[in-house]
Amino acid sequence: MRAVVQRVSSASVVVNGGAPRTIGPGIVVLLGVCTTDTTSLCAKLAEKCAGLRIFDDADGKLNLSAVDLGYSALVVSNFTLYGDTKKGKRPSFTAAAKPPLSVNCYNEFVAQMQKQGLNQVQTGAFGADMQITLVNDGPVTLMLDTEEWGAAH
């Protein structure tokens with residue numbers, strides 16, 4: 001799985017033209033699932049995302065997490081994180097998992113995020129038309145890739 005984590009002062013997602021799902025300060029997580037992923041990776045990835053020390057402490061050092069501060073998370077599925085642009089100008093998405101694997105991993109990741117002690121966890125909707133608005137604070141943006149964890153997951 002790949003997760004792009006952004007530190008935000010606020011964010012929202014509108015799903016299929018509905019009411020905005022909004023958070024205040026916290027993190028936005030864009031989650032992509034690969035064809036070789038399993039739901040067993042979700043707990044560790046959620047703990048890592050929620051626990052990333054990407055917020056300033058009293059000394060201005062990145063030393064606090066969204067959990068430490070009681071902040072929120074917005075989680076949105078994003079298969080394009082597995083877009084392959086090596087050939088031509090049209091990305092290939094063959095490495096992106098398809099349902100039911102992708103849906104199961106997304107749902108399990110959200111469930112694990114809800115166990116991390118965040119103030120709230122808002123979500124997009126898998127496979128829906130979504131518009132995301134966010135204020136990237138810093139900016140601070142990190143990419144986590146479970147493939148880099150190797151056999152240690």
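Along the sequence shown, residues carry numbers from 1. All values below were derived from every heavy atom in this structure, side-chain atoms included, with hydrogens, water molecules and symmetry-related copies excluded.
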S.K.: Please report the shortest heavy-atom distance between Ala46 and Met113, naming the atom on each side.
M.R.: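 For Ala46 and Met113, the tightest heavy-atom pair comes out as O-SD, 3.6 Å.
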S.K.: For the OG1 atom of Thr35 and the NZ atom of Lys98, what is their distance to the nearest 0.5 Å?
M.R.: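 Those atoms lie 8.5 Å apart.
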S.K.: Consider only side-chain N and O atoms of Thr94 and Asp84, and report whether a donor and an acceptor are under 3.5 Å apart.
M.R.: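 Thr94 vs Asp84: no donor-acceptor pair found between side chains.
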S.K.: Flag the pair Asn119 / Ser72 as yes when at least one side-chain heavy-atom distance between them is below 4.5 Å, and no otherwise.
M.R.: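 When only atoms from C-beta onward are counted, Ser72 and Asn119 do touch, with a gap below 4.5 Å.
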S.K.: Name the orientation class of the two ring planes belonging to Tyr71 and Phe55 (parallel below 30°, tilted from 30 to 60°, perpendicular beyond 60°).
M.R.: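 Answer is perpendicular, since the angle exceeds 60°.
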S.K.: Do Leu142 and Leu52 come within less than 4.5 Å of each other through their side chains, counting heavy atoms only?
M.R.: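 Counting from C-beta outward, Leu142 and Leu52 do come under 4.5 Å.
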S.K.: Taking side chain as C-beta onward, heavy atoms only, is Val29 less than 4.5 Å from Val76?
M.R.: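 A side-chain contact under 4.5 Å is absent here.
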S.K.: Quick one: does any side-chain atom of Arg7 pair with a main-chain N or O of Asp137 as donor and acceptor, under 3.5 Å?
M.R.: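 Looks like yes, one N/O pair under 3.5 Å.
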S.K.: Would Tyr82 and Phe93 count as a close aromatic pair, with their ring centres under 6.0 Å?
M.R.: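 No.
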S.K.: Do Glu108 and Gln112 have side-chain N/O donor and acceptor atoms under 3.5 Å apart?
M.R.: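 The answer is yes; a qualifying pair exists.
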S.K.: Between Val67 and Leu62, is there a shared hydrophobic cluster once you connect ILVMFWY residues whose side-chain heavy atoms come closer than 4.5 Å?
M.R.: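 No: no chain of side-chain contacts under 4.5 Å links Val67 to Leu62.
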S.K.: Testing the basics here: between Cys42 and Cys105, what is the closest heavy-atom pair and its distance to 0.1 Å?
M.R.: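 What the structure gives for the nearest pair is SG-O, 3.4 Å.
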S.K.: Which distance, rounded to the nearest 0.5 Å, do you find between the CD of Gln122 and the OG1 of Thr22?
M.R.: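 Separation between the atoms: 7.0 Å.
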S.K.: What I'd like to find out is whether the side chain of Ile132 reaches to under 4.5 Å of the side chain of Ser12, using heavy atoms alone.
M.R.: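 Side-chain contact under 4.5 Å: no.
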S.K.: Please check this pair: side chain of Asn16 against backbone of Gly18, looking for a donor-acceptor N/O pair closer than 3.5 Å.
M.R.: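 Between the backbone of Gly18 and the side chain of Asn16 there is no qualifying donor-acceptor contact (under 3.5 Å).
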S.K.: How many angstroms lie between CG in Asp68 and CG in Leu118, if you round to the nearest 0.5 Å?
M.R.: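 Going from CG on Asp68 over to CG on Leu118, the span is 10.5 Å.
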S.K.: So, do Arg21 and Val15 sit near enough that their side-chain heavy atoms are less than 4.5 Å apart?
M.R.: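 The answer is yes; the side chains approach within 4.5 Å.
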S.K.: Given Val121 and Val75, is the side-chain contact (heavy atoms from CB on, under 4.5 Å) satisfied, shown in steps?
M.R.: CA-CA 7 Å; Val121 178; Val75 180; 4.1 Å; yes
S.K.: Hey, does Asp37 have a side-chain heavy atom less than 4.5 Å from the side chain of Cys34?
M.R.: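 They are in side-chain contact.
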S.K.: Can you give me the closest heavy-atom contact between Ala50 and Ser65, atom names plus distance?
M.R.: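 Scanning both residues completely, I find the closest heavy atoms to be O-CB, 3.5 Å.
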S.K.: Atom CZ of Phe79 and atom CZ of Phe126: how far apart are they, to the nearest 0.5 Å?
M.R.: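 With rounding to 0.5 Å, CZ (Phe79) is 9.0 Å from CZ (Phe126).
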S.K.: On a heavy-atom basis, which atom in Ala125 and which in Ser77 lie closest, and how many Å separate them?
M.R.: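 Looking at all heavy atoms of both residues, the shortest contact is O-OG, 4.3 Å.
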S.K.: Following the transitive rule for hydrophobic clusters with a side-chain heavy-atom cut-off under 4.5 Å over Ile, Leu, Val, Met, Phe, Trp and Tyr, establish whether Val110 and Leu144 coincide in one cluster.
M.R.: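 Result: yes, single cluster for both.
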S.K.: Atom CG of Asn107 and atom CG of Asn104: how far apart are they, to the nearest 0.5 Å?
M.R.: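 Reported value, rounded in 0.5 Å steps: 7.0 Å.
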S.K.: Minimum heavy-atom separation for Met130 to Gly124, with atom names?
M.R.: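 Looking at all heavy atoms of both residues, the closest pair is SD-CA, 3.6 Å.
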S.K.: Look up atom OG in Ser102 and atom CE in Met1, then write down how far apart they are to the nearest 0.5 Å.
M.R.: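 If we round to the nearest 0.5 Å, Ser102:OG and Met1:CE are 11.0 Å apart.
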S.K.: Using the side chain to side chain contact (heavy atoms under 4.5 Å, CB included) definition, which of the options Asp145, Asn78, Val33 pairs with Arg2?
M.R.: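 The residue from Asp145, Asn78, Val33 that satisfies side chain to side chain contact (heavy atoms under 4.5 Å, CB included) with Arg2 turns out to be Asp145.
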S.K.: Answer with yes or no whether the hydrophobic clustering places Met143 together with Leu30; edges join I, L, V, M, F, W, Y residues whose side-chain heavy atoms lie under 4.5 Å apart.
M.R.: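 Met143 clusters together with Leu30.
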S.K.: Are Leu134 and Gln6 close enough that some pair of their side-chain heavy atoms sits under 4.5 Å apart?
M.R.: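 Touching, per the 4.5 Å side-chain cut-off.
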S.K.: Looking at every non-hydrogen atom in both residues, tell me the closest pair between Val5 and Cys49 and how far apart they are.
M.R.: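 Val5 and Cys49 have their closest heavy atoms at CG2-SG, 3.8 Å.
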S.K.: Can you tell which of Val8, Leu74, Ile54 makes a side chain to side chain contact (heavy atoms under 4.5 Å, CB included) with Ile27?
M.R.: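 The option that passes is Ile54.
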S.K.: Could you go through Phe109 and Thr39, starting from their C-alpha distance and side-chain angles, then the distance that decides it, and tell me whether this counts as side-chain contact (heavy atoms from CB on, under 4.5 Å)?
M.R.: CA-CA 8 Å; Phe109 178 80; Thr39 56; over 6 Å; no
S.K.: Determine whether Leu45 and Leu31 make a side-chain contact, defined as any pair of heavy atoms from C-beta on separated by less than 4.5 Å.
M.R.: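 Result yes, sub-4.5 Å side-chain heavy-atom pair found.
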